[in-house]
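Below, chain A is the first sequence line, B the second, and so on; all start at residue 1.
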There are 2 protein chains.
Amino acid sequence: MPRGDDDRRVAEKLFAIADAFERGDELTLSEIAERARLPLSTAHRLLGEWVEWGGITRSSDGRYRVGIKLWRLAVRQPSSRRLRIAAKPYLEDLFESTGEHVHLAVREGLGAVYLERMSGVNAVPSITDIGSRLPLHATGVGQALLAFAPPGVFEDVIAAAPRRFLPGTIVDETALRERMVRIRASGVAMSVEALTKGAFSVAAPVRDATGDVVAAVSIIAHVERRDEPQFALGVRIAGRGISAALGYRP
Amino acid sequence: MPRGDDDRRVAEKLFAIADAFERGDELTLSEIAERARLPLSTAHRLLGEWVEWGGITRSSDGRYRVGIKLWRLAVRQPSSRRLRIAAKPYLEDLFESTGEHVHLAVREGLGAVYLERMSGVNAVPSITDIGSRLPLHATGVGQALLAFAPPGVFEDVIAAAPRRFLPGTIVDETALRERMVRIRASGVAMSVEALTKGAFSVAAPVRDATGDVVAAVSIIAHVERRDEPQFALGVRIAGRGISAALGYRP
DNA sequence: TCCCGGATTCCATGGGATGGAAGCGGCTCG
DNA sequence: CGAGCCGCTTCCATCCCATGGAATCCGGGA
């Protein structure tokens, strides 16, 4: 028993292994053991469990990768499927009428996760990809999600010391809180050069049948176009439309 | 210690909980415990682990659902992403030129899992949806995947006593084995009224850079059109094209 | 053939998983 | 209004099985 400071229970170790794939593609046993900070033999045994279940598969070259089982489990998840299906036509409309990046995102903890994305070839450069996770305070969607998040989330964001990416990033508690109030009042969140130089984003919330804000739609475009009213209008209408499609009756 | 016949280790129990969501959407603790065949308190504790990790989330009404974390993990999986991206244009072509159902599927154990699907409004009725899993022996894609699967898979299929869905379903070992040989020779699999009345499906394998068959493309159409050459030709060309896009050099 | 790095297997030990039971909270019905 | 019920949560004494260091295996490069 060398040290007891990193004792974790079985589940945590299993999950640590899954987390090793967070930004990794195909990993060898040793890589996984290292990332999960587990002894080789332990990692080996637990990987065996994952593989037996099918959550992780082993390719012919001996490397491990996330299995289709997990994908199936996640993709068939009815509520997010419903959301994506309801949103599709609205996102397409938005995209076709603006030609800019169009996103659908949901909140996961203190991040905004991108469920769907459509992007034009000559839109402003942006790294956001499906499945990406960006901080709540630094994007339009993030702020829209944060403004309507359950109590406590805002405090968590502040406690986590929001990072300043660019001069335009709002990190001050009072400024951020005030912005939340404005977003709740107007129903639209706009953030200018908060994360990406030369870009701004407008976002609107999406509600489900119970009235909870479950997602947000956004457009990202060149910063010079920030004052054109079509963007804010577009996301607001899309937000309402998707909400209605989900059964929300105001 | 009432009985020791259903002892399972921690990992198995955790996974049994995940499996409870297989065909379920939002579940209560008791439902999960029942489906996973676990005592309530155990299910409760392990669910807690899942929730803490984020693989399962708890909605405002107290029900549990698969979390976005799992979705992210699965959707960012590079190899299947690569496959989907490579396949997209070919599937669209196929779909636009035929107007029938077009599928991309991979093998998971003894099933074919549908990764991508495009379907016309007036195509033959079919229940297959993204994330579905159909038996290998009873569909075009399934047979294409089975024909090129690693040794042992065919035997497993036979051992699992393939089910006869319709008179057209091939369940006999010799007939199935012979068909595999033909598929390997011709590079195309066709199955007529094996799973769905009035429908036939043609499929072709997709290879990755190492030459392994990693997926299959298929078209499902009305059975009367089974002799039109465009379908077999189409999937074969699509199969080759996607393989090439994945780096396969024959 | 030998070597080396990575993967796999082994096994004695003790700490964490276990699940029955009790406690809790909200809802219904008499 | 109180009793009863149902589903969820918490507790904790017992004991099982997860643990990980070490030995072994395997494959490929020299």
Could you check B/Trp50 against A/Phe15 for ring pair (Phe, Tyr, Trp, His ring centres under 6.0 Å), going step by step and ending with a plain yes or no? CA-CA 9 Å; B/Trp50 273 108; A/Phe15 295 147; 4.9 Å; yes

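The line from CG of B/Leu104 to CZ of B/Arg84 is 8.5 Å long, rounded to the nearest 0.5 Å.
Applying the 4.0 Å criterion to OP1 and OP2 of C/dT18, one finds that A/Arg9 has every side-chain N and O outside that range. A/Lys13 has a side-chain polar atom (N or O) that falls below the 4.0 Å cut-off from OP1 or OP2 of D/dT19. OP1 or OP2 of D/dG20 has at least one side-chain nitrogen or oxygen of A/Thr42 nearer than 4.0 Å. OP1 or OP2 of D/dT19 sits under 4.0 Å from a side-chain N or O of A/Arg45. Residue B/Arg58 places at least one side-chain N or O closer than 4.0 Å to OP1 or OP2 of D/dT9.
Nearer the 5' end of DNA chain C, as judged by each residue's closest nucleotide, is the contact made by A/Leu29, out of A/Leu29 and B/Pro39. Along DNA chain C, the nucleotide nearest to B/Leu46 and the one nearest to A/Thr28 differ in position, and the one closer to the 5' end is contacted by A/Thr28.
Residue A/Arg63 is classed as having no contact, given no heavy-atom separation below 4.0 Å to the nucleic acid. Residue contacts for B/Leu38: at a heavy-atom cut-off of 4.0 Å it reaches no nucleic acid atom on any strand shown.
Note: CG (A/Leu47) to P (C/dT9) measures 13 Å, nearest angstrom. Atom C1' of nucleotide C/dT18 and atom NE2 of B/His44 are separated by 15 Å, given to the nearest angstrom. If you take CG of B/Leu40 and C1' of D/dT9, they are 9 Å apart, rounded to a whole angstrom. One atom, CG of A/Asp61, and another, P of D/dG28, lie 13 Å apart when rounded to the nearest Å. Here C/dA7 presents its C1' atom at 15 Å from CG of A/Leu27, a figure rounded to the nearest Å. In this structure, B/Tyr64 atom OH and D/dT9 atom C1' are separated by 9 Å, rounded to whole Å. In this structure, B/Glu34 places its CD atom 15 Å from P of D/dC6, rounding to the nearest Å. Rounded to whole angstrom, the span from the CD atom of B/Glu49 across to the P atom of D/dA18 amounts to 14 Å.
Comparing D/dT9, D/dG20, C/dA7 by their closest approach to the side chain of A/Ser41 singles out D/dG20. Distance from the side chain of B/Val10 is smallest to D/dA18 among C/dT9, C/dA7, D/dA18.
Figure legend: A/Arg240 and A/Tyr248 shown without cation-pi pairing, the cationic atom not lying both under 6.0 angstrom from the six-membered ring centre and within 45 degrees of its axis.
Salt bridge status for B/Arg72 with A/Glu108: present, with a side-chain N to carboxylate O gap under 4.0 Å. Between A/Glu49 and A/Arg45 there is no salt bridge, since no side-chain N of the basic residue sits under 4.0 Å from a carboxylate O of the acidic one.
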